[in-house]
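Here the structure is laid out as structure tokens; the discussion comes afterwards.
Along the sequence shown, residues carry numbers from 1.
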Amino acid sequence: MLRGMLFDFDGTLADSFEAIAESVNFVRSENHLPKLRFEEIKAHVGHGLEHLMEKMLPGCSVGDAKKAYHAHHKVHMKTHTRLYPHAREFLRKLHLTGISMGVCSNKPVAFTTELIEHLGISDFFKVILGPEDVPNPKPAPDMLIEAAKRLQINHNEVVYVGDMDVDIKASGAAGMEVWIVRHDDTSFQILEKIAIENIYGSFLEIEERKSWLFVGHNGK
């Protein structure tokens with residue numbers, strides 16, 4: 001029985017890569033480093049801000065880089081972050097079925113919470129967790145296990161929806177089924193083993209292939 005669904009944020013619910021790249025290049029410019037191409041930055045997103053700063057600002061103070069990133073991103077993140085197609089409708093329909101939902105992202109939780117509010121989807125989630133809320137970020141299972149605990153749902157009654165290898169590793173370690181949604185983006189290569197039937201091109205494809213999720217949905 002499926003009683004809960006947890007979501008990654010960046011690259012899963014929202015396309016926030018442009019906002020992230022803008023803030024990374026701002027911090028690089030502050031450290032007299034040349035701008036990087038969008039694709040170079042995107043390849044390192046998903047493992048948390050510390051990992052991103054280590055990779056994007058070699059030789060620089062990670063602590064100072066994180067502070068500069070935070071200051072810039074807080075001001076500019078809303079402008080360049082948007083929901084993926086059909087995400088809002090997918091969440092609304094799940095909400096109407098009574099499935100409990102949460103977000104587990106390696107993004108700083110204050111940013112995730114603010115963006116979810118800005119995007120108008122906060123009412124759908126009972127819990128929003130970030131790396132500050134658990135001992136270890138993804139790919140460790142801590143965040144997913146804690147979210148299921150707060151939702152009061154067993155791990156085998158929860159599906160985790162993500163977009164990359166770190167999500168597959170975290171869900172596997174948590175004993176949860178994982179669905180990967182690609183939004184028809186092939187720039188991230190899935191290296192972890194995963195059943196092809198658990199890979200989707202969009203939220204609309206999940207809805208079409210998992211129509212049983214919405215049995216009893218009244219369309220209102």
Side-chain angles (χ1 to χ4, degrees), residues 1-17 42 45-46 81-107 112 115-116 118-129 138-139 141 143-145 147-148 150-151 153-220:
M1 173 187 273
L2 179 61
R3 295 180 56 213
M5 194 170 292
L6 302 174
F7 294 84
D8 174 47
F9 185 77
D10 295 319
T12 300
L13 288 172
D15 183 351
S16 49
F17 296 119
K42 185 177 178 181
V45 174
T81 301
R82 60 197 61 83
L83 287 175
Y84 279 111
H86 206 68
R88 189 190 313 279
E89 183 66 5
F90 184 75
L91 294 171
R92 186 181 73 85
K93 289 182 178 181
L94 285 175
H95 180 70
L96 289 172
T97 67
I99 290 175
S100 296
M101 291 183 286
V103 173
C104 296
S105 170
N106 276 345
K107 193 181 196 75
T112 305
L115 284 168
I116 284 174
H118 170 70
L119 294 167
I121 56 173
S122 59
D123 288 346
F124 299 133
F125 300 112
K126 293 183 177 180
V127 60
I128 299 171
L129 296 181
K138 296 183 298 180
M143 215 181 298
L144 280 62
I145 291 171
R150 294 191 189 188
L151 293 176
I153 300 174
N154 293 329
H155 64 87
N156 59 354
E157 298 175 315
V158 181
V159 166
Y160 185 57
V161 183
D163 69 307
M164 57 189 302
D165 284 340
V166 68
D167 302 314
I168 298 172
K169 290 177 180 178
S171 58
M176 294 179 185
E177 185 175 348
V178 64
W179 297 348
I180 295 296
V181 57
R182 305 307 306 276
H183 303 295
D184 298 318
D185 178 3
T186 58
S187 62
F188 278 136
Q189 299 239 342
I190 299 176
L191 303 177
E192 291 293 307
K193 290 182 178 179
I194 181 174
I196 190 69
E197 59 265 27
N198 287 337
I199 301 176
Y200 304 86
S202 64
F203 283 116
L204 188 59
E205 185 180 342
I206 297 179
E207 186 174 332
E208 291 170 347
R209 288 168 52 190
K210 300 285 188 182
S211 56
W212 52 266
L213 273 172
F214 308 103
V215 172
H217 169 56
N218 59 18
K220 296 182 180 179

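Evaluation of the side chain to side chain contact (heavy atoms under 4.5 Å, CB included) rule for A174 yields P141, L144, I145, M176 as partners, not counting sequence neighbours. Every residue two or more places apart in sequence or in another chain that forms a salt bridge (charged side-chain N to carboxylate O under 4.0 Å, His left out) with K138 is listed here: D8, D167. Residues that satisfy the ring pair (Phe, Tyr, Trp, His ring centres under 6.0 Å) test with F203, not counting sequence neighbours, are F90, H183. With sequence neighbours left out, the side-chain hydrogen bond (donor to acceptor under 3.5 Å, both in side chains) criterion links S100 to K126. Residues passing the side chain to side chain contact (heavy atoms under 4.5 Å, CB included) test with D15, sequence neighbours excluded: F17, R82, Y84. For R88, the side-chain hydrogen bond (donor to acceptor under 3.5 Å, both in side chains) test picks out no residue, with sequence neighbours left out. In this structure, H118 has no ring pair (Phe, Tyr, Trp, His ring centres under 6.0 Å) partners at least two apart in sequence or on a different chain. By the side chain to side chain contact (heavy atoms under 4.5 Å, CB included) test, E208 pairs with L204, sequence neighbours left out. Residues that satisfy the side-chain hydrogen bond (donor to acceptor under 3.5 Å, both in side chains) test with H86, not counting sequence neighbours, are E207. Applying the side-chain hydrogen bond (donor to acceptor under 3.5 Å, both in side chains) test to E157 and every residue at least two apart in sequence or in another chain returns R3.
By the 4.5 Å heavy-atom criterion applied to side chains, L6 and V159 are not counted as neighbours. Two residues are said to be in side-chain contact when any heavy atoms from C-beta on lie closer than 4.5 Å; L83 and I121 meet this criterion. Contact annotation: the side chain of F7 approaches that of F125 to within less than 4.5 Å [non-hydrogen atoms, C-beta and beyond]. Residues L213 and T97 fail the side-chain proximity criterion, which asks for heavy atoms closer than 4.5 Å.
Between A148 and V158, the shortest heavy-atom distance links the atoms CB-CG2, 4.4 Å. Listed here is the closest heavy atom pair of D10 and D163: O-OD1, 3.5 Å. Summarising the geometry of W212 relative to L2, their closest heavy-atom pair is CH2-CD2, 4.1 Å, with the distance given to 0.1 Å. Counting all heavy atoms, side chain and backbone alike, N106 lies closest to G46 at ND2-O, 3.0 Å. Closest non-hydrogen pair, L129 versus R150, comes out as CD2-NH1, 3.4 Å.
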Going through the checks in order, is the side-chain contact (heavy atoms from CB on, under 4.5 Å) test met by Y160 and M5?
-> CA-CA 6 Å; Y160 185 57; M5 194 170 292; over 6 Å; no
Begin from the C-alpha positions of Y200 and V161 and carry the test side-chain contact (heavy atoms from CB on, under 4.5 Å) through to its verdict.
-> CA-CA 10 Å; Y200 304 86; V161 183; over 6 Å; no
Does the pair R182 and I190 meet the rule for a side-chain contact (heavy atoms from CB on, under 4.5 Å), with working shown?
-> CA-CA 10 Å; R182 305 307 306 276; I190 299 176; 3.2 Å; yes
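Interatomic distance, K107 NZ to I116 CD1, rounded to the nearest 0.5 Å: 10.0 Å. The structure places CD1 of I196 at 11.5 Å from CD1 of I180, a figure rounded to the nearest 0.5 Å. Distance CG/L119 to CG/L13: 9.0 Å, rounded to 0.5 Å. Between I99 atom CD1 and L94 atom CG the span is 5.0 Å, to the nearest 0.5 Å. Residue I194 holds its CD1 atom at 9.0 Å from CG of D165, rounded to the nearest 0.5 Å. Of the inter-residue distances, the one linking I128 atom CD1 with L115 atom CG reads 10.0 Å to the nearest 0.5 angstrom.
Heavy atoms of other residues, nucleotides or ligands lying less than 6.0 angstrom from CG of D123 number 12 at most.
No side-chain donor-acceptor contact under 3.5 Å links T12 to the backbone of F9.
Residues in residues 193-205 take part in these salt bridge (Lys or Arg N to Asp or Glu O under 4.0 Å) pairs, two or more places apart or across chains: E205-R209.
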